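Owing to the predicted nature of the structure, the values given are computational and were not obtained by experimental measurement. Start at 1 and go down the list; that is how both ligands and their atoms are numbered.
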Amino acid sequence: MTRTKETNMTPETARPFIDIHAPVAAALAAGKPVVALESTIITHGMPYPDNSAMAANVEKIISDEGAVPATIAVIGGRIKIGLSDGERESLAMTGGAMKLSRADIAYAVAEGRTGGTTVAATMIAAHLAGIKVFATGGIGGVHKGAEKSFDISADLDELARTPVIVVSAGAKAILDIEKTLEVLETRGVPVVAYGSDIVPAFWSRKSPYAAPLRLDTADKIARLHATRAALGLDGGLLVANPVPESDEIPTETMAGYIEAAQKAAEAQNISGKAVTPFLLAKILELTNGASLKTNVALVENNARLAAKVAIALAKA
Ligand code: PSU
Ligand code: MN
């Protein structure tokens with residue numbers, strides 16, 4: 001039995017709980033490039049039908065680039081690596097889906113539940129299936145006021161332990177980006193800004209913070225991942241890919257909306273897993289949908305880069 005030391009999970013014992021969609025299984029068996037996609041962004045991050053259109057479009061972008069998309073979710077207790085169009089559409093329409101991270105993915109499996117997988121849970125499932133690259137919008141991180149709430153996303157710990165490349169647009173600007181970067185550094189996670197000296201801030205191309213590391217090509221990202229593995233360094237790699245200029249909302253414009261959303265969350269005593277979905281929905285409302293348009297654009301942009309990285313890794 002090969003125990004993957006990064007997660008203490010074994011692909012062998014997990015296999016009975018996992019369904020790998022046929023095109024994904026074929027690609028993995030042939031060593032072809034595969035890109036994992038998360039599904040909390042579908043179940044909790046965007047409203048229907050925008051979530052459904054985004055999910056379908058992102059898969060198409062990955063296919064057009066020459067890689068195979070694998071949207072990951074838990075449906076009726078089954079860990080799905082790749083969804084059929086019908087499964088993806090009904091997940092997008094489900095109202096009662098759970099939000100699944102490391103803490104609750106096994107509960108959903110044991111209880112036969114359905115849920116969207118966060119960055120953390122998607123990394124776990126991708127790794128079990130042998131997928132090395134994963135595209136998302138933004139990772140979870142250290143929330144503003146974490147010194148009181150202790151709200152730090154499990155995504156950060158997962159990045160420290162599970163060897164998957166996560167292509168994101170940085171940490172959402174609703175988070176404390178500076179503290180998020182500090183935790184990632186402490187936990188030994190390389191943060192690579194793609195083609196930039198500055199860490200992006202999700203809806204905006206620039207945060208106030210310098211990029212810890214910078215790389216300008218997909219090949220170099222693939223090489224860094226391979227080098228870390230060769231050196232025996234555990235864990236993932238976070239790529240922060242700035243949203244295209246034509247789609248960005250400047251930091252100054254977002255700041256007011258973020259503050260207002262934060263105040264609303266406090267006033268309504270929103271806590272725990274509900275915080276991120278609440279803030280995203282509130283900001284969508286405050287920006288009259290502009291934040292959603294940017295969110296879709298940056299996920300698509302990340303999918304394109306993730307496909308290039310997966311292709312580079314498959315070549316190596
Ligand atoms: N990015 C988005 N929308 C989302 C998320 C990211 O544009 O809904 C999700 C991701 O799944 C991420 C999760 O892993 O939010 C983080 O939630 P939390 O802060 O509760 O760990
Ligand atoms: Mn949290």
Side-chain angles (χ1 to χ4, degrees), residues 36-48 50-51 54-55 58 71-74 91-92 97-105 108 115-126 134-160 162 164 166-177 179-180 183-184 200-204 236 238 240-241 243 247 249 254 258 261-262 265 270-284 287 289-303 306:
L37 295 160
E38 64 146 310
S39 49
T40 293
I41 192 169
I42 302 174
T43 56
H44 293 74
M46 293 180 189
Y48 184 83
D50 308 81
N51 61 349
M54 178 277 306
V58 165
T71 301
I72 290 175
V74 177
L91 187 70
M98 294 179 75
K99 176 178 160 186
L100 303 174
S101 189
R102 173 174 277 271
D104 22 48
I105 186 167
T117 47
T118 61
V119 167
T122 305
M123 288 179 79
I124 293 170
F134 161 27
T136 181
I139 61 156
V142 181
H143 277 266
K144 290 182 176 154
E147 59 275 21
K148 276 196 187 149
S149 68
F150 274 46
D151 190 349
I152 301 176
S153 177
D155 291 354
L156 301 185
D157 243 43
E158 206 59 50
L159 278 161
T162 302
V164 171
V166 178
V167 181
S168 72
K172 266 163 280 179
I174 54 176
L175 301 169
D176 188 321
I177 297 179
K179 290 195 180 73
T180 300
V183 171
L184 287 168
F202 199 69
W203 298 283
S204 321
L238 179 64
N241 185 25
V243 64
D247 297 299
I249 308 178
M254 280 312 297
I258 292 166
Q262 220 85 45
I270 307 292
S271 67
K273 299 166 83 72
V275 171
T276 300
F278 177 91
L279 292 175
L280 289 173
K282 196 79 197 165
I283 289 167
L284 192 158
T287 61
S291 66
L292 177 60
K293 204 174 146 272
T294 300
N295 199 343
V296 170
L298 65 84
V299 178
E300 293 178 354
N301 190 45
N302 295 341

Of the choices [options], which has the non-hydrogen atom that lies closest to [atom]?
atom                    : options                        : value
atom 4 (C) of ligand 1  : Leu280, Leu279, Thr117         : Leu280
atom 21 (O) of ligand 1 : Gly140, Gly138, Ala103, Ser153 : Ser153
atom 17 (O) of ligand 1 : Glu38, Arg102, Met123, Lys99   : Lys99

Is there a side-chain contact between [X] and [Y] (heavy atoms, below 4.5 Å)?
X      : Y      : value
Thr118 : Glu158 : no
Ile174 : Trp203 : yes
Met98  : Lys273 : no
Val275 : His143 : yes
Leu280 : Leu284 : no

Checklist entry - Among the heavy atoms of Met46, does any lie under 4.0 Å from an atom of ligand 1? => result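 Distance cut 4.0 Å: Met46 fails for ligand 1.
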Next on the checklist: Does Asn51 form a side chain to side chain contact (heavy atoms under 4.5 Å, CB included) with Ile41? I'd like the steps, not just the answer.
Outcome noted: CA-CA 7 Å; Asn51 61 349; Ile41 192 169; over 6 Å; no
Checklist entry - Purely on distance, is any nitrogen or oxygen of Lys273 under 3.5 Å from one on ligand 1? => result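 Between Lys273 and ligand 1, no N or O pair is found under 3.5 Å apart.
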Checklist entry - Are any of the N/O atoms in Gly141 less than 3.5 Å from those in ligand 1? => result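 It does not: no N or O of Gly141 is found under 3.5 Å from an N or O of ligand 1.
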Item to check | Among Val166, Leu156, Thr180, side-chain contact (heavy atoms from CB on, under 4.5 Å) partner for Leu238 | outcome: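 When Val166, Leu156, Thr180 are each tested with Leu238, the side-chain contact (heavy atoms from CB on, under 4.5 Å) holds only for Val166.
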Item to check | Single hit among Thr117, Thr162, Thr40 for side chain to side chain donor-acceptor pair (under 3.5 Å) with Thr122 | outcome: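 Running side chain to side chain donor-acceptor pair (under 3.5 Å) over Thr117, Thr162, Thr40 with Thr122 returns exactly one hit, Thr117.
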Using a heavy-atom cut-off of under 4.0 Å, does the side chain or the backbone of [X] touch ligand 1, or both, or neither?
X      : answer
Thr276 : side chain
Val299 : neither
Lys172 : side chain
Asp155 : side chain

Checklist entry - Any idea which N/O/S atom from Asp151 gets closest to the Mn ion (ligand 2)? => result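 Result: OD1.
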If the cut-off is 4.0 Å to any non-hydrogen atom of [X], which atoms of ligand 1 fall inside it?
X      : value
Phe202 : 7 (O)
Thr118 : 11 (O), 14 (O)
Asn295 : 7 (O)

Checklist entry - Nearest protein heavy atom to atom 8 (O) of ligand 1, by residue and atom, and its distance? => result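 Heavy-atom neighbour on the protein nearest atom 8 (O) of ligand 1: Gly45 CA, 3.3 Å.
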Checklist entry - For Lys293, does the NZ atom have more than 12 heavy-atom neighbours from other residues, nucleotides or ligands under 6.0 Å away? => result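 Incorrect, the count does not exceed 12.
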